Protein chains: 2
Amino acid sequence: MTSPCYCTQLRTATRKVAAAYDAALAPVGINIAQYALLRMIQNRQQVSLTELGRVADLDRSTIGRNVKVLERDGLVQTGRGEDQREAVVSLSPRGVEALAAATPLWEACQRQIEKRLGADKIEALRAIAHAV
Amino acid sequence: MTSPCYCTQLRTATRKVAAAYDAALAPVGINIAQYALLRMIQNRQQVSLTELGRVADLDRSTIGRNVKVLERDGLVQTGRGEDQREAVVSLSPRGVEALAAATPLWEACQRQIEKRLGADKIEALRAIAHAV
DNA sequence: GCAATAAGCGGGTATATGCACACACATGAC
DNA sequence: GTCATGTGTGTGCATATACCCGCTTATTGC
């Protein structure tokens, strides 16, 4: 009897959880990946793509493309840093609004997950996330 | 102080774990998603896309596209079922070989994750996966 | 100051994923 | 038998993600 694939378990769980967050955030027109990215940008005011990639643990090119979507939707502004190679990103007023509108919806999801998993599994999730 | 986003924790952890499995399976030319899909097909010998989607908890169209990649690579064969609407999938000889070659590599990943997380977090992961 | 190297980006290519829509085939009511 | 309804697919469109390559802009060694 083969053991269950831990990776597949994670992937499936993540898809389902992300779908729940996406559905909750839909009224604001953003998904959970975008919400997380907007939050990172807000926390840093102004940040380069490479720095965002480092913080988000994502490939720089992925960040660049995701930021492009946010920019198209008017949620962030981009420009050049002092270092002319850097593309710096910051929230637009609409981005600030969207983030403010999304946060209570996100909070509700957080509470829902906490209720669903219970404190022990929430702690385990944190531990797993730090371990990998 | 805002709580960490459970969804983002999951997404990040999953990306990292999946990358490890993908790297391990690279010699066989498949990734972890494909490995999981091949296993599901093998376990059922012959199966329709809708059934695969149900088992994998994936959208049918996603399954259809993923199967198309496996077919292009010669790992599965597709045809029509008795119900002419159904597209049935089965492993090709090369798919059987690839699966056999991949399994020890996958096993090594499983052991690595077990070592990294420890029995308690492995059990917690199982519990989380079942809870969502 | 200039050449070599490093760093930051953008775009091409590829996979995984979901939703909506259109089309084909099956089934059941009559 | 025929028509309405339901089921199974395929495709278009969109996002997230990673890797590789080439271009531009620092930085560094001398």
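So that the names make sense, note that chain A is the first sequence line, chain B the second, and so on, each numbered from 1. Please read all numbers here as calculations on a predicted model, not as lab measurements.
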Undergrad: Which is it for Thr8(A) and Tyr21(B) under the side chain to side chain donor-acceptor pair (under 3.5 Å) test, yes or no, and what are the steps along the way?
TA: CA-CA 10 Å; Thr8(A) 303; Tyr21(B) 280 75; over 6 Å; no
Undergrad: Side chain of Asp22(A), backbone of Ile32(A): donor and acceptor closer than 3.5 Å?
TA: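 Answer holds: yes.
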Undergrad: Do Val69(A) and Val67(A) share a hydrophobic cluster (ILVMFWY, side-chain heavy atoms under 4.5 Å, transitive)?
TA: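 Val69(A) and Val67(A): separate clusters.
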Undergrad: Taking for each residue the nucleotide of DNA chain C with the nearest heavy atom, is it Ser48(A) or Arg15(A) whose nucleotide lies nearer the 5' end?
TA: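 In this pair, the answer is Ser48(A).
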Undergrad: Using whole Å, what does the distance between atom P of nucleotide dA16(C) and atom CG of Asp57(B) come to?
TA: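 Distance check: Asp57(B) CG to dA16(C) P gives 17 Å.
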Undergrad: Is Arg39(B) positioned over the aromatic face of Trp106(B), cation under 6.0 angstrom from the ring centre and no more than 45 degrees off axis?
TA: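 Because its charged atom sits under 6.0 Å from the ring centre and within 45° of the axis, Arg39(B) does stack over Trp106(B).
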Undergrad: Check every strand shown and say whether Asp22(A) touches a base, only sugar-phosphate, or nothing at a heavy-atom separation below 4.0 Å.
TA: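 Asp22(A): no heavy atom of the nucleic acid under 4.0 Å.
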Undergrad: Report the residue from Thr103(A), Val28(A), Leu105(A) that forms a side chain to side chain contact (heavy atoms under 4.5 Å, CB included) with Tyr35(A).
TA: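 The option that passes is Thr103(A).
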Undergrad: When all nucleic acid strands are considered with a 4.0 Å heavy-atom cut-off, which category describes Arg54(A): base, sugar-phosphate, or nothing?
TA: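 Nothing, no heavy atom under 4.0 Å.
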Undergrad: When all nucleic acid strands are considered with a 4.0 Å heavy-atom cut-off, which category describes Arg65(A): base, sugar-phosphate, or nothing?
TA: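 Here Arg65(A) touches the bases of the nucleic acid.
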Undergrad: Anything under 4.0 Å to a heavy atom of chain A counts; send over the first and last such nucleotide of DNA chain D, read 5' to 3'.
TA: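 Taking any atom under 4.0 Å from a heavy atom of chain A, the span is dT15(D) to dA26(D).
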Undergrad: So does Thr14(B) get a backbone contact from the side chain of Thr14(A), meaning a donor-acceptor N/O pair under 3.5 Å?
TA: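 No; zero donor-acceptor contacts below 3.5 Å.
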Undergrad: Quick one: is dT17(C) close enough that its OP1 or OP2 comes under 4.0 Å of any side-chain N or O from Asn66(B)?
TA: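 True: Asn66(B) side-chain N/O within range (under 4.0 Å) of dT17(C) OP1/OP2.
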Undergrad: Between Gln84(A) and Lys68(B), name the one whose nearest nucleotide on DNA chain D is closer to the 5' end.
TA: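 The residue mapped nearer the 5' terminus is Lys68(B).
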Undergrad: Among dA7(C), dC9(C), dA20(C), find the nucleotide with the atom closest to the side chain of Ser61(B).
TA: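 Nearest nucleotide to the side chain: dA20(C).
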Undergrad: Give one of base, sugar-phosphate or nothing for Thr50(B), where a contact means two heavy atoms less than 4.0 Å apart.
TA: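 Sugar-phosphate, backbone atoms only, no base.
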Undergrad: Let me know, please, whether Asp83(A) or Arg72(A) comes out on the 5' side of the other along DNA chain D by nearest nucleotide.
TA: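 Comparing both residues, the 5'-ward one is Arg72(A).
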Undergrad: Please report the distance, rounded to the nearest Å, between CD1 in Ile63(B) and C1' in dT15(C).
TA: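 So the CD1-C1' distance, Ile63(B) to dT15(C), works out to 14 Å.
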Undergrad: If you find the nucleotide of DNA chain C closest to Arg11(A) and the one closest to Arg60(A), which residue's nucleotide is nearer the 5' end?
TA: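 So the residue in question is Arg60(A).
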Undergrad: Indicate yes or no for a side-chain donor-acceptor contact from Asp73(B) to the backbone of Leu75(B) under 3.5 Å, with no hydrogens or angles considered.
TA: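 Not a single qualifying donor-acceptor pair exists.
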Undergrad: Calculate the interatomic distance between Arg80(B) atom CZ and dA26(C) atom P; express it in whole Å.
TA: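 After rounding, the reported distance stands at 10 Å.
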Undergrad: Without decimals, in angstroms, what is the distance between Glu82(A) CD and dG8(C) C1'?
TA: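 Checked: the CD to C1' distance equals 15 Å.
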Undergrad: For Asp59(B), report the nucleic acid contact type (base, sugar-phosphate, nothing); a contact means any heavy atom under 4.0 Å.
TA: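 Answer is base: heavy atoms of Asp59(B) come under 4.0 Å of a base.
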